[in-house]
Amino acid sequence: VSVTPRRSPDGVVLSYVSVTRDVTELREAEAELALQARVRAAMTESLRNIPVEATLEQAAKGICDELVKLPFIDMAAIEGFLGADDVQIIAQSAPPGYPVAAGDHLPPAIASLMQERVAKGPWAGYATEDVADEGWVAGRAAAGLKALAYGPIGHGDHVEGVLLIGTFDERFARALVEKVPALVSFSATSSALLAERLHAMRRQAELGEALASVLAARSFHPVFQPIVDLESGEVVGYEALSRSDSGERPDLCFADAWSVGLGPDLELATLEAAVDAAKKLSPGLWLDLNVSPRLLADPERLGSVLWGADRPIVLEVT
């Protein structure tokens, strides 16, 4: 309220003019700016405290722990997009009893819905709005969650993950939903630290899925290179070499498999295919099989494949 006196020519106050203005929006804007400043400060502080050698999970957890120190922010999480309907919680800070935890995967329907929404930019909604999975909604609502805001973490033209903040406060929930773009624009800060690692994580997941399909379909075959005695000119054995049906270089295919934990499975599967196919070769000639040193650490599985051979075996450790 502002009050201005009206005076006579000789200076006597005759009346007052009172002007009342609604400053609700102004106060809300000031509060939002103050919260944004505190959020950015929290992000800066978390980045300052994260060691250079920190893993993706450690860096994400450091950011989440700082965010939940802010007023009205009761939950923070960083989630990575591993596939079209696969989202994994990388790190999370939440009150005891919250129904999900780091390492969990979101229900496929929720994962797909989240990726669709954040692909268009920052987004927020009330905790009861994710109708794609009512059980998931009920669990979070029962824990006290009122609203969530999602800030996309981008890598190039792709969104690799999302930074979430949630509140248990009814009043702040309305502000979060109505003013989300300003409140979660801070995700750009986390992008600088996490996007490359989230991108690598997604690529690993895609690679693992592709190689699992190769194994399931046995999309590879052996070829045999004759080994000749130079004095007699006779073939004395064969070296088995694996070829991918897709035409990918074998060394790259095996390297990819080891990088996602499928190295032993792919090597053993190709060895088994070679041992079986070699039974059509001339009898009595020995078979040379390539194995990696790491595979020798699993002698039981390796032995079960080799004992199926119908001829002498030579292991070439490569």
Side-chain angles (χ1 to χ4, degrees), residues 55-56 80-86 88 103 105 108 155-156 158 160 196-318:
T55 65
L56 168 62
F81 297 166
L82 304 182
D85 59 356
D86 188 8
Q88 182 180 11
H105 289 256
H155 179 271
H158 300 281
E160 302 292 347
E196 190 67 36
R197 302 183 192 188
L198 287 170
H199 176 70
M201 181 179 180
R202 181 175 64 84
R203 291 293 300 153
Q204 286 291 95
E206 291 175 348
L207 185 59
E209 184 177 344
L211 285 167
S213 297
V214 168
L215 280 167
R218 297 183 73 83
S219 301
F220 49 81
H221 60 276
V223 294
F224 297 97
Q225 176 173 282
I227 300 173
V228 179
D229 184 306
L230 295 180
E231 290 187 1
S232 66
E234 296 181 355
V235 175
V236 295
Y238 289 91
E239 178 181 8
L241 302 169
S242 293
R243 295 292 181 262
S244 171
D245 292 353
S246 67
E248 182 182 3
R249 278 175 44 184
D251 57 331
L252 297 180
C253 189
F254 283 112
D256 287 343
W258 279 100
S259 73
V260 295
L262 293 175
D265 300 292
L266 183 60
E267 280 203 41
L268 289 167
T270 55
L271 288 175
E272 184 178 19
V275 168
D276 288 341
K279 294 176 181 178
K280 299 179 181 179
L281 300 175
S282 300
L285 305 182
W286 47 274
L287 180 64
D288 181 296
L289 298 173
N290 292 279
V291 298
S292 68
R294 286 177 288 186
L295 191 61
L296 298 178
D298 193 355
E300 185 173 345
R301 294 177 68 193
L302 177 59
S304 67
V305 171
L306 300 182
W307 280 116
D310 65 344
R311 63 192 62 238
I313 294 290
V314 173
L315 294 185
E316 183 175 337
V317 182
T318 55

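Residues Leu211 and Asp256 have side chains in contact (heavy-atom distance under 4.5 Å, counting atoms from C-beta outward).
Heavy atoms only, all atoms of each residue included: Ala277 and Pro222 are closest at CB-CG, 3.7 Å. Considering all non-hydrogen atoms of both residues, Arg311 and Ser282 come closest at NH1-O, 2.7 Å. When every heavy atom of Ala273 is checked against every heavy atom of Phe220, the shortest pair comes out as CB-CE1, 4.0 Å. The two residues Leu266 and Ala257 make their nearest non-hydrogen contact at CD2-CB, 3.7 Å. The two residues Leu262 and Ala212 have their closest heavy-atom pair at CD1-N, 3.9 Å. For the residue pair Pro250 and Arg243, the shortest heavy atom distance occurs at CG-NH1, 3.6 Å.
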side-chain contact (heavy atoms from CB on, under 4.5 Å) between Val214 and Ser244: does it pass, once the steps are laid out? CA-CA 9 Å; Val214 168; Ser244 171; 5.7 Å; no
Please test Phe224 against Leu287 for side-chain contact (heavy atoms from CB on, under 4.5 Å), starting from the C-alpha separation and ending with a verdict. CA-CA 9 Å; Phe224 297 97; Leu287 180 64; 3.9 Å; yes
Salt bridge (charged side-chain N to carboxylate O under 4.0 Å, His left out) between Arg301 and Asp265, worked out: CA-CA 10 Å; Arg301 294 177 68 193; Asp265 300 292; 3.0 Å; yes
Where do Val291 and Thr318 land on the side-chain contact (heavy atoms from CB on, under 4.5 Å) test, with the steps shown first? CA-CA 6 Å; Val291 298; Thr318 55; over 6 Å; no
Please evaluate residues Gln225 and Asp288 with respect to the criterion side-chain hydrogen bond (donor to acceptor under 3.5 Å, both in side chains), reporting the C-alpha separation (whole Å), side-chain torsions for both, the decisive distance (0.1 Å), and the verdict. CA-CA 9 Å; Gln225 176 173 282; Asp288 181 296; over 6 Å; no
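To the nearest 0.5 Å, atoms CG (Leu268) and CG (Leu295) are separated by 5.0 Å. Here the straight-line distance linking atom CG of Leu82 with atom NE2 of His105 works out to 6.0 Å at 0.5 Å rounding. To the nearest 0.5 Å, atoms CG (Leu271) and CG (Leu306) are separated by 7.0 Å. A distance of 14.5 Å separates OH in Tyr238 from CG in Leu289, rounded to the nearest 0.5 Å. Atom CG of Asp251 sits about 12.0 Å away from atom OG of Ser242, to the nearest 0.5 Å. To the nearest 0.5 Å, atom CD of residue Glu316 and atom CG of residue Asn290 are 4.5 Å apart.
A donor-acceptor pair is defined here as one N or O able to donate and one able to accept, closer than 3.5 Å; such a pair exists between the side chain of Glu267 and the backbone of Ser292. The main-chain N or O of Val236 is found under 3.5 Å from a side-chain atom of Trp286 such that the two form a donor-acceptor pair. A distance-only check finds no donor-acceptor pair linking the side chain of Ser219 to the backbone of Leu215 [under 3.5 Å]. Using modelled atom types, no side-chain atom of Arg294 and backbone atom of Gly263 make a donor-acceptor pair closer than 3.5 Å.
For Glu234, the CD atom is loosely surrounded, since the number of other residues' heavy atoms within 6.0 Å does not exceed 12. Environment of NE2 in His221: crowded, with over 12 heavy atoms of neighbouring residues, nucleotides or ligands closer than 6.0 Å.
Remark: Leu252 pairs with Glu248, Arg249 by the side-chain contact (heavy atoms from CB on, under 4.5 Å) rule, at least two apart or across chains.
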